[in-house]
Number of protein chains: 2
Amino acid sequence: MSNSKAELPVLESAAAPCCPPLGTAELSEPDAVRMAAAFKALGDPVRLRLFSKVASHEGGEACVCDIQDVGVSQPTVSHHLKKLREAGLLSSERRGTWVYYRVEPSVLAGLTALLDLDRRPAEVR
Amino acid sequence: MSNSKAELPVLESAAAPCCPPLGTAELSEPDAVRMAAAFKALGDPVRLRLFSKVASHEGGEACVCDIQDVGVSQPTVSHHLKKLREAGLLSSERRGTWVYYRVEPSVLAGLTALLDLDRRPAEVR
DNA sequence: CACCTGTATCGATGAACGTCGATGTAATGG
DNA sequence: CCATTACATCGACGTTCATCGATACAGGTG
């Protein structure tokens with residue numbers, strides 16, 4: 001199971017180059033569905049910690065064994081990593097015995113761009 | 001019900017000036033709980049649209065009547081706005097007949113700071 | 001080959017969530 | 001006062017979700 005060669009359009013086509021910043025225009029309903037899916041993936045404490053562990057791991061990647069100490073069982077860790085992959089936030093690659101995860105910057109950049117309030121018209125700030 | 005004068009520490013004390021950027025260090029478990037709660041609040045399409053409508057509304061605020069056309073019932077809109085308030089993302093104030101909502105920038109800034117990958121050490125990028 | 005370790009999938013279970021209609025409350029206007 | 005409009009709360013219902021143990025699969029090692 002590797003999505004470094006694309007795991008298919010990442011579920012319902014992720015959040016990569018999407019949507020003007022929040023202050024500038026209303027989100028369309030389809031855009032809201034896509035972006036909400038990404039936020040939802042970060043909306044669980046265990047997933048957010050796993051994501052953080054991958055992001056801060058040396059070399060920019062981590063194998064499951066490096067990060068699985070988050071207080072839940074191994075199947076649960078695997079389940080959460082799958083969710084993060086499906087959201088387009090992580091990609092994975094098997095190399096020998098281990099599976100390595102790394103952050104996929106594009107979707108993350110879409111989230112940051114969406115949340116950026118400093119690009120709003122001055123009247124709204 | 002106004003939290004412009006603080007709705008109490010916003011549930012379990014929100015995400016305002018919290019946590020180094022994702023690439024720089026692991027999130028602690030308590031920090032992960034707090035930040036995940038904020039992401040979760042944005043993790044529903046209807047809520048994200050409501051949030052977007054408030055954020056992009058002229059004057060930086062909107063009354064419920066301005067934004068409630070999102071395809072769900074009035075109680076559901078009210079429920080979602082409450083969730084966004086509890087997450088510290090919106091504040092509300094009653095003025096006469098109407099209740100006005102506006103974006104609370106601090107928690108949002110915390111999310112943006114957390115997601116900022118451009119402040120990672122070069123080796124990880 | 002058999003065995004061990006690392007990771008993913010399956011199936012079940014209980015808790016959390018989104019949604020609704022009904023009802024309550026607050027402010028305005030006759 | 002009473003009616004009306006704006007919004008919140010309540011209670012119920014069905015769905016989604018996080019979690020687990022059991023099990024399957026994959027790759028290395030002896």
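We name chains A, B, ... by the order of the sequence lines, and we start the count at 1 in each one. Because only heavy atoms are used, hydrogens play no part in the values below, and waters and symmetry mates are left out as well, while side chains stay in.
- Regarding contacts with the backbone of C:dA27, every side-chain N or O of B:Thr97 stays at 4.0 angstrom or more from both OP1 and OP2.
- With hydrogens and angles left out, the side chain of A:Gln74 and the base of C:dA8 share a donor-acceptor pair within 3.5 Å.
- Within the structure, every side-chain polar atom (N or O) of A:Lys82 is placed at least 4.0 Å from both OP1 and OP2 of C:dT7.
- Rounded to whole angstrom, the span from the CH2 atom of A:Trp98 across to the P atom of C:dT5 amounts to 12 Å.
- Per the geometry, CD1 belonging to A:Ile67 stands 14 Å off P belonging to C:dG6, to the nearest Å.
- For A:Tyr100 and C:dG6, the shortest distance from a side-chain N or O to OP1 or OP2 is not below 4.0 Å.
- A:Arg85 places no side-chain N or O within donor-acceptor distance of the main-chain N or O of A:Gly88, the cut-off being under 3.5 Å.
- Side-chain nitrogen and oxygen atoms of A:Lys40 include none within less than 4.0 Å of the OP1 or OP2 phosphate oxygen of C:dC17.
- Taking the ring centre of B:Tyr100 as origin, the terminal cationic atom of B:Arg95 falls inside the region bounded by 6.0 Å and 45° from the ring axis.
- Residue B:Arg47 is in sugar-phosphate contact alone, with no base atom involved, counting any heavy-atom pair closer than 4.0 Å across all strands shown.
- One atom, CZ of A:Arg94, and another, C1' of C:dT7, lie 6 Å apart when rounded to the nearest Å.
- The distance between atom CG of A:Asp44 and atom P of C:dA15, rounded to the nearest whole Å, is 17 Å.
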